[in-house]
Amino acid sequence: MTPVFKKIAIASDHAGFPLKKALIKTLESLNIAVFDLGTFTEESSDYPDYAQQVVTSLLNEEVQAGVLICGTGIGMSIAANRHSGIRAAVCNEGTTSARLARAHNDANILCLGERLIGPEAARDTLLTFIATAFEEDERHRRRLSKIA
Ligand code: RB5
């Protein structure tokens, strides 16, 4: 598998901390440069702080994509999607969502919920997300332009 992205920022709150550690190993095994932007302990923390870290890294073009993990993925996606240029997709229910989020929506942040998805499914979802290119199609571009 050839990843679409070479540099990825990742962050979680306390509820996503164990899964974040596992997914960093997955990304590093593919020789992807991983920017771990926290949290670094299981102490209770606020997911918007970590969404902001990944969004800033992405908008500053330090990375090409991001991964955000909380209990459900939902809080992270709400926080990240407040920013222009961010297309964060929650993909807890399988690889099809991850594939279509990339192919049709050009999603640039994958959001996962550690309380809702197992580690193997999360890994498969991440691999699908980073392996799938945006379909350069006029209709998809037009719809993304309308969002922008
Ligand atoms: C933390 O308890 C939890 O609310 C948070 O991780 C996330 O699921 C919010 O969307």
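Numbering of ligands and ligand atoms starts at 1, following listing order. Residues take their numbers from the sequence shown, with the count starting at 1.
- Of the protein's non-hydrogen atoms, Y47 CE2, 3.5 Å is the one closest to atom 9 (C) of ligand 1.
- Using a 4.0 Å cutoff on heavy atoms, M76 does not count as a contact of ligand 1.
- Checked by distance only, ligand 1 and A15 stay at 3.5 Å or farther apart across all their nitrogen or oxygen atoms.
- In this structure, of A51, C70, S12, the residue bringing a heavy atom nearest to atom 7 (C) of ligand 1 is C70.
- Between R102 and D106, at least one side-chain N (NZ, or NE/NH1/NH2) sits under 4.0 Å from a carboxylate O, which counts as a salt bridge.
- Judged as a ring pair (Phe, Tyr, Trp, His ring centres under 6.0 Å), not a single pair has a partner in residues 50-77 (not counting sequence neighbours).
- Counting heavy atoms of neighbouring residues, nucleotides and ligands inside a 6.0 Å radius, atom CZ of R123 does not exceed 12 of them.
- With respect to atom 5 (C) of ligand 1, the closest heavy atom belonging to the protein is D13 OD2, 3.3 Å.
- Among all protein heavy atoms, the one lying closest to atom 2 (O) of ligand 1 is R115 NH1, 3.3 Å.
- With hydrogens left out, the protein atom closest to atom 10 (O) of ligand 1 is G75 N, 2.9 Å, a heavy atom.
- You'll find the side chain of K20 reaches within 4.5 Å of the side chain of I24, heavy atoms only.
- Atoms of ligand 1 found under 4.0 Å from any heavy atom of G71 (numbered from 1 in listed order, with element): 5 (C), 6 (O), 7 (C), 8 (O).
- The number of heavy atoms from other shown groups lying within 6.0 Å of CD (E43) does not exceed 12.
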